[in-house]
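The residues of the chain are indexed from 1 along the displayed sequence. In this text, all values refer to a predicted model and were calculated from it rather than measured experimentally.
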Amino acid sequence: MIEPRVVRRYAAALYAAASRADVVDQVERDLELVALALSSSPELRESITSPVVPVESKRSIVRELFDGKLHEITLSYLQLLVDKRREEAALQTEEEYVRLANEARGIVGATAITAKPLDEPQLASLSAKLSQVTGRQIRLECEVDPAIVGGVCVRIGDRVIDGSVRGQLEALREALLGS
């Protein structure tokens, strides 16, 4: 497994190149295609990431599979990963690249954890409130965890807004034990 900081550096360099060429959206779609190809074919993934497969064979596989289907920048990026023996980064780049692209677009990802699934009006209301609080557009993902009892716990990057019943009970417990 390649270190996340290495993937972040490669994704940032790819984003910078795509941004300069004004092809950020195209490269994002390309990375989605690459991730799909690698995740749906264990044989392909193994041939690209295996240390025993020669670099030139890997370059050939990448060219044969993706030439004409990906933007030049994306294809060059994949070739660079192969040359630098960082092929595993190809599996992890998409998520970091999308995060960088969304950050530039003013979109931030958030995860809402609730005791029960939210309906569409509740999702829209929560998303609007979070947009108001952050001043950015929110891309909201939802998780269900009955252990929070009620309310909602929201994660936006490193920030956690805990409005759950469980969180309030824990805060009350801490306050009572601390006195």
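With a 4.5 Å cut-off on side-chain heavy atoms, Thr111 and Val154 do not count as touching. For the pair Val62/Lys58, no side-chain contact is recorded, criterion being any heavy-atom separation below 4.5 Å from C-beta on. Contact annotation: the side chain of Val144 never approaches that of Leu118 to less than 4.5 Å [non-hydrogen atoms, C-beta and beyond]. Proximity of Gln92 to Ile2: side-chain heavy atoms (C-beta onward) are separated by under 4.5 Å at one or more points.
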Derivation and outcome, side chain to side chain contact (heavy atoms under 4.5 Å, CB included), residues Glu103 and Arg136: CA-CA 9 Å; Glu103 187 176 292; Arg136 302 171 106 188; 3.7 Å; yes
Residues Gln137, Val108; criterion side chain to side chain contact (heavy atoms under 4.5 Å, CB included); working and verdict: CA-CA 6 Å; Gln137 185 180 347; Val108 66; over 6 Å; no
Criterion side chain to side chain contact (heavy atoms under 4.5 Å, CB included) on Arg63 and Arg59, from CA distance to verdict: CA-CA 6 Å; Arg63 256 191 318 276; Arg59 287 180 65 82; 3.9 Å; yes
Test log, rule side chain to side chain contact (heavy atoms under 4.5 Å, CB included), inputs Tyr15 and Glu96: CA-CA 10 Å; Tyr15 178 79; Glu96 182 64 21; over 6 Å; no
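Residue Asp67 holds its CG atom at 11.5 Å from CG of Leu78, rounded to the nearest 0.5 Å. Within the model, atoms OG1 of Thr93 and CD of Glu88 stand 11.0 Å from one another, a figure rounded to the nearest 0.5 Å. Atom CD of Glu95 and atom CG of Leu100 lie 11.0 Å apart (nearest 0.5 Å). Glu94 contributes atom CD, which lies 10.5 Å from atom CG of Leu38 (distance to the nearest 0.5 angstrom). Distance check, rounded to the nearest 0.5 Å: CD of Glu46 to OG of Ser41 gives 10.5 Å. The CD1 atom of Ile48 sits 11.5 Å away from atom CZ of Arg45, with the distance rounded to the nearest 0.5 Å.
At least one donor-acceptor pair closer than 3.5 Å links the side chain of Asp30 to the backbone N or O of His71. A side-chain donor-acceptor contact under 3.5 Å links Thr134 to the backbone of Leu130. In this structure a side-chain-to-backbone donor-acceptor pair under 3.5 Å is missing from Ser125 to Pro121. Checking side-chain atoms of Ser57 against main-chain N and O of Val53 turns up no donor-acceptor pair under 3.5 Å.
Residues Val160 and Leu126 do not share a hydrophobic cluster, clusters being chains of Ile/Leu/Val/Met/Phe/Trp/Tyr side chains in contact below 4.5 Å. The hydrophobic clustering, which links ILVMFWY residues whose side-chain heavy atoms are closer than 4.5 Å, places Phe66 and Val55 together. At a threshold of 4.5 Å between side-chain heavy atoms, the hydrophobic network of Ile, Leu, Val, Met, Phe, Trp and Tyr places Val6 and Leu91 in one connected group. A single hydrophobic cluster is seen to contain both Leu81 and Leu65, as judged by linkage of ILVMFWY side chains at heavy-atom distances under 4.5 Å, directly or through other members. There is a path of hydrophobic side-chain contacts, each under 4.5 Å, that joins Tyr77 to Leu33.
A pairwise comparison of heavy atoms in Ile113 and Ile148 identifies O-CD1, 3.1 Å as the closest pair. Nearest approach of Ala101 to Val24, heavy atoms of both residues: CB-CG1, 3.9 Å. Here the shortest heavy-atom pairing between Gly151 and Val165 reads N-CG2, 4.4 Å. Pairing each heavy atom of Ile138 with each of Ala110, the nearest pair is CG2-CB, 3.9 Å. Looking at every heavy atom in both residues, Ser40 comes nearest to Pro42 through O-CD, 3.7 Å. Taking every heavy atom of both residues into account, Lys84 and Tyr10 meet most closely at CB-OH, 3.7 Å.
In this structure, a donor-acceptor pair under 3.5 Å is absent between the side chains of Ser47 and Glu43. At a cut-off of 3.5 Å, with distance as the only test, no side-chain donor of Gln79 or Asp83 sits close to an acceptor on the other residue. Side-chain atoms of Arg105 and Asn102 form a donor-acceptor pair, as typed in the model, at a separation below 3.5 Å.
For Glu120, the CD atom counts as loosely surrounded, since its 6.0 Å shell holds 12 or fewer non-hydrogen atoms of other residues, nucleotides or ligands. Heavy atoms from other residues, nucleotides or ligands lying under 6.0 Å from CG of Asp22 number 12 at most.
Listed by first then second residue, pairs satisfying side chain to side chain donor-acceptor pair (under 3.5 Å) with a partner in residues 141-168 read Asp162-Ser164, not counting sequence neighbours.
Between Cys142 and the options Leu123, Val152, Thr114, a side chain to side chain contact (heavy atoms under 4.5 Å, CB included) holds for only Leu123.
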